[in-house]
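Working notes for the structure below.
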Amino acid sequence: MKIFNTMTRRKEEFVPLEEGKVKMYVCGPTVYNLIHIGNARPMIVFDTVRRYMEYKGYEVNYVSNFTDVDDKIIKKALEEGVSAQEISTRYIAECRKDMEGMNVKPATTAPLATQEIGGMIEMIQKLIEKGHAYVVGDGTVYFRVKSFRDYGKLSHKNLDDLQSGFRALQVSGEDQKEDPLDFVLWKPKKEGEPSWPSPWCDGRPGWHIECSEMSKKYLGEEIDIHAGGEDLIFPHHENEIAQSECCNGKIFARYWMHNAFLNIDNRKMSKSLGNFRTVRQISEQYDLQVLRFFMLNAHYRSPLNFSADLMESSKSSLERIREAAARLLDRKAAASVPSLLEAEAALLEEAKGFEAKFEEAMDDDFNTADALAAVFELVKFANTHAGEGCSAEFAGALLEKLTRLCDVLGLTLGEKEEILDEEIEALIRERQEARKDRNFARADEIRGELLEKGIILKDTREGVKWKRA
Ligand code: AMP
Ligand code: ZN
């Protein structure tokens, strides 16, 4: 399996640190709004990487954080007159709903920055002890970039060029820094902002330190893959490398993967430009599996332009796969011959070629567009050869192949699975607990979640009753 490594700018054979295991960290969203489909790109892409690794037999430990303390969250909280925590809790729940709709598997661990402050403080302390960080008058702690010889190795930037660029940009008020390149590890609190005590001042961490800390805590000092959108290469990932490698004295991540931008009218989709579509908006018009198909029909390192036409063609392509699957299911049920016919055995051998093509594409730096082409070859093959007289075993075997390959891409072939009675009961119990704890927000959220799945709750004197709408 080859992965394009941003660090070396080459496709490299994937060799895990520990045989059969993959430790993977993907920088997660800052939660102050509904996520847009640009944010959805890394979620879908790296979920697919994970699924393919699992298909190949690796055990994947997948960590992806939520940045739940940040200037934008604080600003939104002030606007609404609520706490920053209320904003982040709300949008984490919304983000999880969108992820579920896009069939993005929950991470093995999805840590929240605000729950990990102690570890960040320890890391900063160690960096100060080792001379890689320093405290200034107001208690701000900066990372001393010049103390890390390898700074710039990921983004292939030269320290001198960076320095002249930064000097031009130097902002007043930041002159306590030894060097314009230095970045913040800890900053003093401002009125009305969330803050934590620390040896330097009450305050909060800088953004970059959270990923260094959470990656170390949940995956260890050395990991296999670190990933995110390409805008994170500099400065975020460069700074993460500086912090982690100076603190731990080890190479932080072996492979660095970055997805290209999702654009609209050939400009990056972003909250600040206001040119975004939320995943929620798309879900009003399409099954989110269509969005997933649209994303995977391009290579993750190529820019992708969002357009209504492409969404429509993704919709009909996905339908073609689903129709083939439905036909195979019918053939299987209606077949009068149970076991493979002689000619079918040879055809099944031939069909293995599509799986091989699929794997070859995925092994080549996760070329999902070519992998989808292999899926379509299988679809065409099934439509041609699984005719009315085919055996149940033949139709079943082709359906199984199709389902397995689509599952690697996170594409489901039928309608969404129905929610099971046990799951409903468990959610109702959780809602009762939440109400007992006077956590009415969570209780309402559960009612909403169930309603979305077509389950109506009724509070009666005998307890909670439910029915399917
Ligand atoms: P943010 O919430 O801005 O920190 O972004 C969360 C993730 O989404 C990061 O990995 C970003 O690189 C990624 N991202 C944001 N906008 C886009 C976009 N237009 N295209 C692709 N990835 C994006
Ligand atoms: Zn990060």
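Whatever order the structure lists ligands and atoms in, that order sets their numbers, starting from 1.
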>> Can you tell me if, anywhere in His208, an N/O/S atom lies at a distance from the Zn ion (ligand 2) that is smaller than 2.8 Å?
In response: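 Under 2.8 Å: His208 has no N, O or S contact with the Zn ion (ligand 2).
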>> If I take every N, O or S atom of His236, is at least one of them less than 2.8 Å from the Zn ion (ligand 2)?
In response: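 Yes, since at least one N, O or S atom of His236 sits under 2.8 Å from the Zn ion (ligand 2).
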>> Looking at non-hydrogen atoms alone, which of Thr30, Asn259, Asn39 comes nearest to atom 15 (C) of ligand 1?
In response: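 The nearest heavy atom belongs to Asn39.
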> If hydrogens are left out, which of Gly38, Pro303, Gly28 has an atom nearest to atom 14 (N) of ligand 1, that is, the closest non-hydrogen atom?
Replying inline: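 Comparing heavy atoms across Gly38, Pro303, Gly28, the nearest one to atom 14 (N) of ligand 1 lies in Gly38.
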Please report whether ligand 1 has a polar contact with [X], defined as an N or O pair separated by less than 3.5 Å (distance criterion only).
X	answer
Ser270	no
Leu232	no
Met269	yes
Asp231	yes
Leu262	yes

Under a 4.0 angstrom heavy-atom cut-off, which atoms of ligand 1 come close to [X]?
X	answer
Lys268	16 (N), 17 (C), 19 (N)
Gly229	10 (O), 12 (O)
Ala260	21 (C)

> Among the heavy atoms of His36, does any lie under 4.0 Å from an atom of ligand 1?
Replying inline: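 True for this residue.
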> Does the side chain of Thr114 pick up a donor-acceptor pair with the side chain of Asp68 at under 3.5 Å?
Replying inline: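 Yes, because at least one side-chain N or O of Thr114 sits under 3.5 Å from a partner of the opposite role on Asp68.
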>> Hydrogens and angles aside, do Ser198 and Trp186 bring a side-chain donor and acceptor to less than 3.5 Å of each other?
In response: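 Yes - a donor-acceptor pair under 3.5 Å links their side chains.
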> CD of Glu122: more than 12 outside heavy atoms within 6.0 angstrom?
Replying inline: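 No, not enclosed.
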> Just wondering, more than 12 heavy atoms not from Glu80 lying within 6.0 Å of its CD?
Replying inline: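 Result for CD/Glu80: enclosed.
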>> salt bridge (charged side-chain N to carboxylate O under 4.0 Å, His left out) for Asp224 and Lys21? Distances and angles first, verdict last.
In response: CA-CA 9 Å; Asp224 294 294; Lys21 297 196 169 161; over 6 Å; no
Is NZ or CZ of [X] both nearer than 6.0 Å to the six-membered ring centre of [Y] and within 45° of the ring axis?
X	Y	result
Arg301	Phe4	yes
Lys380	Phe354	no
Lys268	Phe261	yes

>> With carbon and hydrogen excluded and only N/O/S kept, which atom of Glu240 is nearest the Zn ion (ligand 2)?
In response: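 Looking only at N, O and S atoms of Glu240, the one nearest the Zn ion (ligand 2) is named OE2.
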> Between Arg442 and Glu449, is there a side-chain N and carboxylate O pair less than 4.0 Å apart?
Replying inline: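 A salt bridge links Arg442 with Glu449.
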> Is it true that Lys75 and Glu79 make a salt bridge, defined as a side-chain N closer than 4.0 Å to a carboxylate O?
Replying inline: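 Yes, charged N to carboxylate O under 4.0 Å.
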> How close does the nearest protein non-hydrogen atom get to atom 13 (C) of ligand 1, and which residue and atom is it?
Replying inline: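 Atom 13 (C) of ligand 1 sits closest to the protein heavy atom Pro42 CG, 3.7 Å.
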